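What follows is a single structure, written as structure tokens, with notes after it.
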Amino acid sequence: MGADFQTAVTDIKIEDFNYPLPDERIAKHPLADRDRCKLLVRRSDGSLEERVFAELPELLPADSMLVYNNTRVINARLRFRKSGENGSLIEIFVLEPVEPSDYARNFASTASCSWTCFVGNSKKWKQGALELPLTVEGEALVLRAERESRAGNASVVRFSWDAPGVTFSSIIAAAGEIPIPPYLNRSTEASDAADYQTVYSHIDGSVAAPTAGLHFTPAVLDAIAARGIPRRELTLHVGAGTFQPVKSETIGDHLMHSEFIAVPVSLIRELAAGERRVIAVGTTSVRTLESLYHAGRLVAAGRWEGEVPQWAPYDPALPDMTTSEALSALAEHVEKQRADTFLASTRVIIAPGYRFRVVGGMVTNFHQPQSTLLLLVSAFTCGDWRPMYDFALARGFRFLSYGDASLLL
């Protein structure tokens, strides 16, 4: 991959990835039966077919492996009110942990912790602490929030509470709200607490759901297992940046957000063996799996610093390795540290021209116009995304987070 190729990628115009999406085609709620949604199947020859998601198990290749993101959406939206009779409402949206920086340790904190947060109505909170009286697990407490510093367009907020033994995880579960996507143009409802979680979610950390997984039901998972298709888990904690629009004319001027990933070494070794075709559930799983390959290249080049940079896939200075070589190098690197899980972050952008090294198929939803997720779909379909979206629009498919699904092979 030369410098000319990298330039060709960064010069891609985002306006070429626009399409008309009427508001009535954006699903505001999921179907009552998750697996009865429409499923668009796109095969490798470009042919398109409409099916039902419950039929997915029989549509997966017999030699495939299903890999999905086990992250769980947290109640990330906290609402405080300044003291006084007519105190201003201040919304604090927790994004990622600062101290402790490890998600699990932060959620287990029992006295205080800090997070990078978006602050709504920020101008009304210039100084001092905010307080929120709560009852958590039958215990009365007061949650305090103090803004410590700025972090770009966000703030570092320290939370503290006066009930030793109560964890921060329990506090946000009791006091927070599920942060549904802004394009739904509605308030969070009680049903979202269940609707906006996958049935296999169990690792807290995301502020947005890996929505391709919302269609799976225990019955679908059982049918996949009955076909002898193994299922594997990884973790990418989805950040609010997933909704960040591309505002620049070309993608080279767009800064991708960073997201935490965790992948068992056993899965990396299994992927390196290459015995099965990898079907990734959702763009988050795709980004994680492909990031593993580029992390291996960075390790081999002696340039690994804990994060896969945005343009690493297109960097001509990194070695061109086979998938097995890169993943094996990564597994060896983690094992030398006596760890059983690869922990990192990724900023990878997958755009037309990208060469997929790990993923051989994906389950995904229909994405917003001019989004990095649509760029990824275009890359996977060799630029042939528009006929697929035209097909879906013409046949009444529902779009975005609570919408219908596609299987791309």
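A quick note: this is a predicted structure, and the numbers were derived from the prediction, not measured. What's counted below: heavy atoms across the whole structure, side chains too, no hydrogens, waters or symmetry copies. Numbers here simply count residues along the sequence, with the first being 1.
- The residue from Thr284, Thr71, Asn69 that alone fulfils the side-chain hydrogen bond (donor to acceptor under 3.5 Å, both in side chains) condition with Ser206 is Thr71.
- At least one side-chain heavy atom of Ser201 sits under 4.5 Å from a side-chain heavy atom of Thr198.
- Between Trp385 and Phe391, a ring centre-to-centre spacing not shorter than 6.0 Å is recorded.
- How far CD1 of Ile14 is from CG of Leu375: 4.5 Å, rounded to the nearest 0.5 Å.
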Take Leu143 and Phe159 through the side chain to side chain contact (heavy atoms under 4.5 Å, CB included) test and state the conclusion after the steps.
CA-CA 7 Å; Leu143 176 65; Phe159 298 99; 4.1 Å; yes
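- Of the charged side-chain nitrogens involved, none lies within less than 4.0 Å of a carboxylate oxygen, so that Arg347 and Glu259 do not count as a salt-bridged pair.
- A donor and an acceptor atom, one from each side chain of Asp45 and Ser47, are located under 3.5 Å apart.
- In this structure, Thr116 and Val94 have side chains that are not in contact, with every pair of non-hydrogen atoms separated by 4.5 Å or more.
- Atom CG of Leu130 is separated from atom CG of Leu78 by 11.0 Å, given to the nearest 0.5 angstrom.
- Ion pairing between a basic and an acidic side chain is recognised when a charged N comes within 4.0 Å of a carboxylate O; Arg297 and Asp315 show no such pairing.
- Under the 3.5 Å distance criterion, the side-chain polar atoms of Glu55 are matched with a main-chain donor or acceptor of Val52.
- Annotation: Glu24, atom CD; neighbour count of heavy atoms from other residues, nucleotides and ligands within 6.0 Å is above 12.
- Side-chain contact check for Glu335 and His333: no donor-acceptor pair (N or O, by modelled atom type) lies under 3.5 Å.
- When atom types are taken as modelled, the side chain of Ser371 and the backbone of Gln368 share a donor-acceptor pair closer than 3.5 angstrom.
- The distance from atom CG of Leu267 to atom CZ of Phe342, rounded to the nearest 0.5 Å, is 12.0 Å.
- Panel note: side chain Asn106, backbone Pro100; a donor-acceptor pair is recorded below 3.5 Å.
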Residues Phe53, Phe216; criterion ring pair (Phe, Tyr, Trp, His ring centres under 6.0 Å); working and verdict
CA-CA 8 Å; Phe53 193 85; Phe216 285 84; 5.0 Å; yes
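- Taking the six-membered ring for Trp, Trp125 and Phe80 have ring centres at least 6.0 Å apart.
- Residues Ser401 and Pro181 have side chains in contact (heavy-atom distance under 4.5 Å, counting atoms from C-beta outward).
- A side-chain donor from one of Ser291 and Thr346 sits under 3.5 Å from a side-chain acceptor of the other.
- Under the 4.0 Å criterion applied to side-chain N and carboxylate O atoms, Asp320 and Arg357 are assigned as salt-bridge partners.
- Between Leu407 and Leu60 the shortest side-chain heavy-atom distance falls below 4.5 Å.
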Check the pair Asp23 / Tyr183 against side-chain hydrogen bond (donor to acceptor under 3.5 Å, both in side chains), numbers first and verdict last.
CA-CA 9 Å; Asp23 184 69; Tyr183 49 64; over 6 Å; no
Checking Val281 against Met362 for the side chain to side chain contact (heavy atoms under 4.5 Å, CB included) test, could you report, in this order, the C-alpha distance in whole Å, the side-chain angles of both residues, the deciding distance, and whether it holds?
CA-CA 6 Å; Val281 178; Met362 78 171 84; over 6 Å; no
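- Ile74 and Gly205 make their closest contact through CG2-N, 3.4 Å (heavy atoms, listed as atom of the first residue, atom of the second, distance).
- Between the Asp404 side chain and the Arg398 main chain, a donor and an acceptor come within less than 3.5 Å of each other.
- A donor-acceptor pair is defined here as one N or O able to donate and one able to accept, closer than 3.5 Å; no such pair exists between the side chain of Asp35 and the backbone of Ala54.
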One pair to check against salt bridge (Lys or Arg N to Asp or Glu O under 4.0 Å): Asp192 and Arg186. What are the steps and the verdict?
CA-CA 11 Å; Asp192 292 311; Arg186 64 171 176 82; 2.9 Å; yes
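- Heavy-atom neighbours of Glu275 CD from other residues, nucleotides or ligands within 6.0 Å: at or below the threshold of 12.
- You'll find the side chain of Trp161 stays beyond 4.5 Å of the side chain of Val142, heavy atoms only.
- Between Leu21 and Leu400, the closest side-chain pair of non-hydrogen atoms falls below 4.5 Å.
- Residues Leu289 and Leu271 are in side-chain contact: their nearest non-hydrogen atoms beyond the backbone lie under 4.5 Å apart.
- For the pair Val73 and Val207, the tightest heavy-atom approach, listed with the atom from each and the gap, is CG1-C, 4.2 Å.
- Between the side chains of Glu189 and His29, a donor-acceptor pair is found at a separation under 3.5 Å.
- Looking at Ser328, its side chain does come within 3.5 Å of a backbone N or O of Ser324 through a donor-acceptor pair.
- Side-chain N or O atoms of Asn121 include none that pairs as donor or acceptor with a backbone N or O of Lys124 at under 3.5 Å.
- Taking the side chain as every heavy atom from C-beta outward, Thr188 and Tyr196 never approach each other to under 4.5 Å.
- No salt bridge links Glu146 with Arg158; every basic N to acidic carboxylate O contact stays at or beyond 4.0 Å.
- The backbone N or O of Pro61 sits less than 3.5 Å from a side-chain atom of Ser64, completing a donor-acceptor pair.
- A donor-acceptor pair under 3.5 Å is formed between the side chain of Glu325 and the backbone N or O of Thr322.
- Side-chain contact, Ser170 with Glu137: a donor N or O sits under 3.5 Å from an acceptor N or O.
- With values rounded to the nearest 0.5 angstrom, Glu96 atom CD is found 10.5 Å from His257 atom NE2.
- The shortest heavy-atom contact between Ser258 and Glu307 is OG-OE2, 2.7 Å.
- Between Tyr354 and Phe356, the ring center distance clears the sub-6.0 Å criterion.
- Of all heavy-atom pairs spanning Arg147 and Ser155, the tightest one is CD-OG, 3.2 Å.
- In plain terms, the two heavy atoms of Ser285 and Ala280 that are nearest each other are CB-CB, 4.0 Å.
- Taking each heavy atom of Ile268 and Ala331 in turn, the nearest pair found is CG2-CB, 4.0 Å.
- Of the possible polar contacts, one joining the Thr381 side chain to the Val377 backbone as a donor-acceptor pair under 3.5 Å is found.
- Note on Arg51 versus Glu49: salt bridge recorded, some NZ/NE/NH1/NH2 to OD/OE distance being below 4.0 Å.
- In this structure, Asn365 CG and Leu40 CG are separated by 11.5 Å, a value rounded to the nearest 0.5 Å.
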Evaluate the criterion side chain to side chain contact (heavy atoms under 4.5 Å, CB included) for residue pair Leu255 and Gln310; output intermediate values, then yes/no.
CA-CA 8 Å; Leu255 177 64; Gln310 177 168 338; 4.0 Å; yes
Intermediate values then yes/no, side chain to side chain contact (heavy atoms under 4.5 Å, CB included), Arg303 and Leu318
CA-CA 9 Å; Arg303 291 171 49 186; Leu318 289 176; 3.4 Å; yes
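- Electrostatic pairing of Glu177 and Arg79 counts as a salt bridge here, judged by a charged N lying under 4.0 Å from a carboxylate O.
- Other residues, nucleotides and ligands contribute only 12 or fewer heavy atoms inside 6.0 Å of the CG atom of Asp340.
- Looking only at atom types and distance, the side chain of Asp11 has no donor-acceptor partner in the side chain of Thr250 under 3.5 Å away.
- Using a 30° and 60° split on the angle between ring planes, Phe399 and Phe366 fall in the tilted class, from 30° to 60°.
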